[in-house]
Structures are given as structure tokens and as C-alpha cells.
Student: 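Attaching a single structure in C-alpha cells format; questions to follow.
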Number of protein chains: 2
Amino acid sequence: MIRLFIAEDQRMLLGALGSLLDMEDDMKVIGQATNGEEAVAAILKLQPDVCLMDIEMPALNGLEVAEVLVQRSIPSKIIILTTFARPGYFERAVKLGVHGYLLKDGEIDELTDTIRKVMAGKRVFSPDLTFDIIREVNPLTPKEQEILRLAALGKTTKEITSELYLSSGTIRNYISEIIHKLGAKNRTEAASIAEKKGWI
Amino acid sequence: MIRLFIAEDQRMLLGALGSLLDMEDDMKVIGQATNGEEAVAAILKLQPDVCLMDIEMPALNGLEVAEVLVQRSIPSKIIILTTFARPGYFERAVKLGVHGYLLKDGEIDELTDTIRKVMAGKRVFSPDLTFDIIREVNPLTPKEQEILRLAALGKTTKEITSELYLSSGTIRNYISEIIHKLGAKNRTEAASIAEKKGWI
DNA sequence: ATCTCAAGATGACAAAAGTCATCATTTCCC
DNA sequence: GGGAAATGATGACTTTTGTCATCTTGAGAT
């Protein structure tokens, strides 16, 4: 019997998946959470065989939860289940060594298959991802990401200046470089591109 | 027996809801779609009792599908099921006269309850929405929304000019007015605010 | 000890963006 | 028909942005 844990902030999907997976003869859902902190606490206690993990959740996101579990060498296997085919997410997940990465866009059968394969020691990644996307590495440095995140909210150069303690010229140099890297024509387009790719 | 139709672009949720609702003794799922155009075609043909409709879908969004159904006086009842508590969406849905509006953040029981109540002629709106949010009306005119949508992608004044056939001075006047209405300090912040509220 | 590289800073310039007052048309409403 | 909106346009002016070449400083590496 595969003991499952599900972390997913969208309650309706959490409930629906929980009920359906519980009906599989070889699976049992032993716990659920709707945010990252609860997930960590529960997983440490319950030691499930497999954790299904959404990425975008309150408190701690799914990748952060995975990081904690990896650091503590928890033996539970992790399957990331997310809406977004964002290269940045996938890249991070692979680096963390998760056992599976699926899109919510797939069928349920795909999910049950993946759970069984992962239990058998395999790694499963959604075929939608493994082709061109994996190569698209985030070209922005952490500092550039931070600056672009602020710029995306509409903050001016001067405001960014006083948040990061850098001169306004330096901020403008950074933004100029960001625009260049992303092939954008101004900071707003740069933000729009980076958001779509999951790079900020 | 309540004949259901589900339109939802996230296949995993679509499949899960479909299976679960089909297990209810008094309900039967007679059709599904993963985009707005398919949904319209199928609903016109099948004439279901109740349509569950996501908002953010490819081709036509859920509100646009609802609009078509209302225009053609299709008797099927419509329940909007969405992730986002965006005032703009809720406002439009209510104006269209939909029969229910639920968040995906709720429990499944809430959904089955709602379906039965709607069949009994009631209207059901998620309590999370009906308080303050409903009052927050989109202050932007359709033209302003269109311009801000383009600006949010990082298009320059000149580019917007040639898409909308307006002079560049006029575009700048519009953007100036948008910034004022939203209490922003530049077009990027205006876009960020409007996106969060679901106004563009 | 020197070489190199990354992180920041400066200044000068051109191009966009934003603000405002004012004006021309059209449309709609009594 | 006359007045009031709504829609669009101009021009003049100030800030912000974006670009680029150049400079400083402090690590690391050898």
C-alpha cells in the first residue's frame, strides 16, 4: 500500500485528488495540507512514501518544502505537480533531485502511473517539459532578478535605489543589462517576459 | 438526474471533478471541454441542465462563453468556478446573470450543494466574495483597459498608436488618466495594480 | 605582488514617459 | 436647436528611462 501525502492550496483540487487516489486499491492518502509550513510539519511526522506537491502555495512554496525535506534526508519521494511549465521552476526542481514533475494539465491516469513508477524507483518528468524548455536557463543573476521584481511592480529607479542601497546609476545599468539579456525594449517588457518564463 | 457539463482547462481538475460528480446518485456528467469554443459548441448541442465553467480558458474565456449562452437564451444554468476572487470577474458574472459563482478554494461539498440549489432555482455566490469586493468596480473604460493591456506587455506609446490608430498624444493622455484613476505613479505600476484586481 | 574579474559608480546624452491647458468633433439628451 | 458629454488631438514642458564609455575598489587566483 502506497502511503500518500498531498500538499495543494486549491482546496477543490486537493479534495478531488484525495478522494480519487484514495479509491485506488494500492494507495492510501494519509495526510493533506494547504500550505507549505503545514506540509513540512506533517511530512516530518507521517513519513509518507510519496508526497504530491504543488509549487505555488502560501507560507512556503513547494520547492522550498522539497528543499527542507532534502536537507533533512527524509526518505519520502517527491512529485511536483504544478500548473506552470516555467523553465525556472523545472530547473530548480531537477537540481533538488525530486522524483517526478507533472503538469496539472495532464490526465489523472498519468498521475497514478507516475506515483507507481516513482515507488518503483524511477524518475518521471512530464514530456511537455523535457525538450526545449529545460535548456532555457534563467539568464538573470539573483541581483538582476531582485531588481526586475521591484521594477515589475512599477517601482521607479529612485525607489529601488533606497530599497537596495545602490546608486541610481547602478540600478539603471542593471536594468539596461536585464533589458539586453531578455531582448526586451524597456523594463516593462522585460518584466512581462521574465514573468511568463518564471524567471522572477 | 441532473445533467452536467464541465468546462475547465486544467485537465487534472476537469478529470477529477468529472469522476467525483459522476458518482453522485443524482448527477451525471454528459460532456466536458478544455476551452471556450469547444464548450459553446458542445453546450448548444447537449443542452445540459447545469454548466460548470472556469473563467481562464483558451479560445474563449468562461465569461465570454456565458455571454454567448445568455444571448442565445440557452436555458442551461451557469455556475462559474474560478481561482480568482477578482472584483472585475465577479462584477461581470453578476451582470450576465449567472446562477452561481464559486472559488476553487472551497470544498467539493460546497460544489455539489451549489449545483443542487441552483437546480432548485436559487442563486449561490461564494460568501468570500459578496462583501467588500463587490463594491470595487472597475474604474477603467473599455478603451482604457485595452490601452493598459498593451502597455502592460511593455509596448511603447508609439506601438500602441499604430495598433489603435490614435495619435501618440492621445495615448499619453489616456495613460495619464489611467495612472490617475488607479493611484499609480507610472504605467507599469498601473498595470500591476489592474492585473491584481482583474481589471484588465 | 600583480593580474583579473566582479560589483558599483559617474557623467553625458538621447529618447520616452507623464502632465496640463486648450481646442475640435461628434453624439446624445431635453 | 443649444448645451453637455465623450472622444480625440496639439503643443510645451519636466522627469524618467535607457545607453555607453569610463573609473574605482576589493576580492581571489597564481
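Because the structure is predicted, anything quoted here is derived from the model rather than measured. In what follows, chains are A, B, ... by sequence order, proteins preceding strands, each numbered from 1.
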Student: Using atom CD1 of B/Ile175 as one end and atom C1' of C/dA16 as the other, report the distance to the nearest whole Å.
Tutor: 11 Å

Student: Between P on C/dT19 and CD1 on B/Ile171, what's the gap in Å once rounded to a whole number?
Tutor: 15 Å

Student: Take atom CD of B/Glu177 and atom P of D/dG8, then tell me their distance rounded to the nearest Å.
Tutor: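 Computing the B/Glu177:CD to D/dG8:P distance gives 13 Å.
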
Student: Write down the distance between CG (B/Leu182) and C1' (C/dG18), rounded to a whole number of angstrom.
Tutor: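 Checked: the CG to C1' distance equals 15 Å.
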
Student: Determine whether A/Thr112 and A/Leu20 make a side-chain contact, defined as any pair of heavy atoms from C-beta on separated by less than 4.5 Å.
Tutor: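 A side-chain contact is absent here, since even the closest heavy-atom pair is not under 4.5 Å.
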
Student: So for B/Asn186 and D/dT15, does any side-chain atom that can act as donor or acceptor lie under 3.5 Å from a complementary atom in the base?
Tutor: no

Student: Measure OH/B/Tyr174 against P/D/dA6 and give the value in whole Å, please.
Tutor: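 Between P of D/dA6 and OH of B/Tyr174: 11 Å.
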
Student: Does a side-chain N or O of A/Arg172 approach OP1 or OP2 of D/dT16 to a distance below 4.0 Å, or not?
Tutor: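 So the side-chain polar atoms of A/Arg172 never come under 4.0 Å of the phosphate oxygens OP1 or OP2 of D/dT16.
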
Student: Which heavy atom in B/Glu64 sits nearest to a heavy atom in B/Arg92, and how many Å separate them?
Tutor: CG-NH2, 4.3 Å

Student: Both A/Lys155 and B/Ser167 contact DNA chain D. Taking the nearest nucleotide for each, which residue is further toward the 5' end?
Tutor: B/Ser167

Student: If you take atom types as modelled and just measure distance, does the side chain of B/Asn173 reach the base of D/dT7 with a donor-acceptor pair under 3.5 Å?
Tutor: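 Under the 3.5 Å cut-off, the side chain and the base do not form any donor-acceptor pair.
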
Student: Just N and O in the side chain of B/Lys143: are any of them under 4.0 Å from OP1 or OP2 of D/dG8?
Tutor: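 Checking B/Lys143 against D/dG8: at least one side-chain N or O falls below 4.0 Å of OP1 or OP2.
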
Student: B/Ile147 CD1 to D/dT7 P: how many Å, rounded?
Tutor: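 Atom CD1 in B/Ile147 sits about 11 Å away from atom P in D/dT7.
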
Student: Less than 4.5 Å apart, any side-chain heavy atom of B/Lys185 and any of A/Thr156?
Tutor: yes

Student: Tell me whether the OP1 or OP2 atom of D/dG8 has a side-chain N or O from B/Thr170 closer than 4.0 Å.
Tutor: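 Looking at the OP1 and OP2 atoms of D/dG8, neither is under 4.0 Å from any side-chain N or O of B/Thr170.
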
Student: Starting at the 5' end of DNA chain D, which residue's closest nucleotide do you reach first, B/Thr141 or B/Gly169?
Tutor: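 Residue closer to the 5' terminus by nearest nucleotide: B/Thr141.
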
Student: Which of these nucleotides, C/dA9, D/dG8, C/dA16, is closest to any side-chain atom of A/Leu166?
Tutor: C/dA9

Student: What is the distance, rounded to the nearest whole Å, between atom CD1 of B/Ile160 and atom P of C/dA16?
Tutor: 13 Å

Student: Does A/Thr157 make a side-chain N or O approach to OP1 or OP2 of D/dT16 shorter than 4.0 Å?
Tutor: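 Looking at the OP1 and OP2 atoms of D/dT16, neither is under 4.0 Å from any side-chain N or O of A/Thr157.
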
Student: May I ask whether A/Leu44 and A/Ile6 are part of the same hydrophobic cluster, defined by side-chain heavy atoms of I, L, V, M, F, W, Y residues being less than 4.5 angstrom apart, directly or through others?
Tutor: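 Different clusters: A/Leu44 never reaches A/Ile6 through Ile, Leu, Val, Met, Phe, Trp or Tyr contacts under 4.5 Å.
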
Student: Under 4.0 Å between a side-chain N/O of B/Thr156 and OP1 or OP2 of C/dA16, yes or no?
Tutor: no

Student: Whether B/Lys185 contacts C/dA17 is assessed here as follows: a side-chain N or O lying under 4.0 Å from the phosphate OP1 or OP2. Is that the case?
Tutor: no

Student: Between A/Ile178 (CD1) and D/dT17 (C1'), how many Å, whole number?
Tutor: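 These atoms are roughly 13 Å apart.
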
Student: Distance check: side-chain N/O of A/Ser176 vs OP1/OP2 of D/dT19, anything under 4.0 Å?
Tutor: yes

Student: Given the side-chain rings of A/Phe90 and A/Phe125, with only the six-membered ring counted for Trp, is the space between their centroids under 6.0 Å?
Tutor: yes

